[in-house]
Amino acid sequence: SQTIHQWPATLVQPVGSPLSLECTVEGTSNPNLYWYRQAAGRGLQLLFYSVGIGQISSEVPQNLSASRPQDRQFILSSKKLLLSDSGFYLCAWNTGYNSPLHFGNGTRLTVT
Amino acid sequence: GEDVEQSLFLSVREGDSSVINCTYTDSSSTYLYWYKQEPGAGLQLLTYIFSNMDMKQDQRLTVLLNKKDKHLSLRIADTQTGDSAIYFCAGTSGSARQLTFGSGTQLTVLP
């Protein structure tokens with residue numbers, strides 16, 4: 001069966017520090033991978049998605065970047081965090097668009 | 001693109017049925033999904049319905065789809081305290097590469 005791992009679960013970082021969040025998927029090949037952010041309200045904002053190694057699409061301009069160095073690994077990064085980067089970050093995967101999205105447990109990021 | 005709307009809050013008594021409603025705009029949505037999010041956790045896929053179906057039942061969950069009105073509902077029978085969570089509906093269209101989520105409905109189950 002397929003599983004998705006996301007870490008760390010919580011993170012507190014000072015403004016201006018770098019960020020690296022990692023997500024890996026097991027039990028499937030060539031998944032589509034996604035990074036979402038959920039702000040203090042409810043809404044889910046799609047940040048990045050990837051349909052293959054080295055292929056990254058960005059949905060909104062921001063202080064963050066994403067990379068996919070391996071087929072089942074997706075990394076969210078920042079060189080210098082801003083206060084506004086605080087939020088709940090969710091990694092997700094599916095086998096193609098029109099197929100269900102499966103989410104990781106999320107990372108709660110607090111920038112101080 | 002797809003827009004998905006939900007009411008923000010719903011309170012029910014334990015043992016009653018809950019009905020969470022959702023409207024969407026893109027009539028070409030192929031699949032419509034319901035997700036559950038418990039506090040501090042990711043989104044858990046509950047169920048989904050293909051656009052050529054009117055109803056889908058899975059144990060205590062019943063999904064109804066009214067394509068004419070672009071209305072989707074999730075009925076939870078015999079609601080329990082463990083059902084307290086935020087419920088998201090989401091739709092996808094043939095031209096989109098990602099799901100569009102509603103803002104979520106906070107379901108509170110009262111004892």
Side-chain angles (χ1 to χ4, degrees), chain A residues 1-11 21 23-25 31-52 55-60 66 74 76 87-110, chain B residues 1-10 20 22 24 26 28-53 56 58 61 63 72 84-108:
Chain A
S1 64
Q2 302 91 354
T3 54
I4 178 169
H5 302 282
Q6 189 181 340
W7 67 94
T10 60
L11 192 59
L21 304 181
C23 172
T24 59
V25 179
N32 289 349
L33 296 170
Y34 304 80
W35 280 111
Y36 283 85
R37 177 168 57 200
Q38 188 176 30
R42 314 265 191 74
L44 287 157
Q45 180 186 35
L46 179 65
L47 301 176
F48 300 96
Y49 68 91
S50 170
V51 298
Q55 300 179 59
I56 308 294
S57 296
S58 174
E59 288 296 301
V60 292
F74 206 22
L76 183 69
F88 191 51
Y89 289 84
L90 291 157
C91 182
W93 72 274
N94 64 8
T95 56
Y97 84 97
N98 270 341
S99 65
L101 266 179
H102 302 280
F103 286 84
N105 286 330
T107 296
R108 172 73 59 193
L109 172 65
T110 304
Chain B
E2 173 85 284
D3 280 331
V4 180
E5 293 194 0
Q6 307 175 233
S7 54
L8 293 181
F9 302 99
L10 176 66
I20 302 171
C22 173
Y24 59 97
D26 191 335
S28 68
S29 286
T30 309
Y31 288 95
L32 292 147
Y33 301 86
W34 283 104
Y35 285 85
K36 175 184 180 182
Q37 185 179 32
E38 297 183 3
L43 277 69
Q44 172 194 357
L45 177 66
L46 279 180
T47 186
Y48 61 95
I49 188 167
F50 189 53
S51 60
N52 69 353
M53 298 169 65
K56 181 179 179 181
D58 183 3
L61 304 178
V63 179
L72 180 74
S84 291
I86 300 176
Y87 290 81
F88 291 90
C89 67
T92 184
S93 69
S95 60
R97 287 185 176 273
Q98 65 276 341
L99 294 182
T100 300
F101 287 84
S103 297
T105 299
Q106 172 74 61
L107 173 65
T108 301

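Residue numbering restarts at 1 for every chain, and letters A, B, ... go by the order of the sequence lines. Below, all heavy atoms of this structure are taken into account, side chains as well, without hydrogens, waters or symmetry copies.
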Exercise. Can you check whether B:Tyr33 reaches A:Leu101 side chain to side chain, under 4.5 Å on heavy atoms?
Worked result: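 Answer no - side chains too far apart.
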For this session: Please examine the side chains of B:Phe101 and A:Gln45, heavy atoms only from C-beta on, and report whether any two atoms are closer than 4.5 Å.
Result: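 With C-beta onward as the side chain, the pair stays apart.
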For this session: Quick one: list whatever passes side chain to side chain contact (heavy atoms under 4.5 Å, CB included) with B:Ser51, sequence neighbours left out.
Result: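 By the side chain to side chain contact (heavy atoms under 4.5 Å, CB included) rule, B:Ser51 matches no residue at all.
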Problem set entry | Listed partners of B:Ala85 passing side chain to side chain contact (heavy atoms under 4.5 Å, CB included), at least two apart |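 With sequence neighbours excluded, B:Ala85 shows a side chain to side chain contact (heavy atoms under 4.5 Å, CB included) to B:Lys36, B:Glu38, B:Tyr87, given in chain and number order.
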Problem set entry | Main-chain N/O of A:Ser99 paired with B:Tyr48 side-chain donor or acceptor, under 3.5 Å |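 No, because the side chain of B:Tyr48 does not come within donor-acceptor range (under 3.5 Å) of the backbone of A:Ser99.
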For this session: Examine whether an atom of B:Leu45 lies under 4.5 Å from a heavy atom of chain A, and if so say whether it belongs to the side chain, the backbone or both; otherwise answer neither.
Result: side chain
For this session: Sort B:Gln44 into side chain, backbone, both or neither according to what part of it lies under 4.5 angstrom from a heavy atom of chain A.
Result: neither
For this session: Let me know if A:Leu90 has heavy atoms under 4.5 Å from chain B in its side chain, its backbone, both or neither.
Result: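 Contact with chain B: side chain only.
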For this session: Considering non-hydrogen atoms only, spot the tightest contact between A:Tyr36 and B:Leu99 and give its length.
Result: OH-O, 3.9 Å
Seminar exercise, completed: Between B:Leu43 and A:Phe103, the two heavy atoms sitting closest are O-CB, 3.4 Å
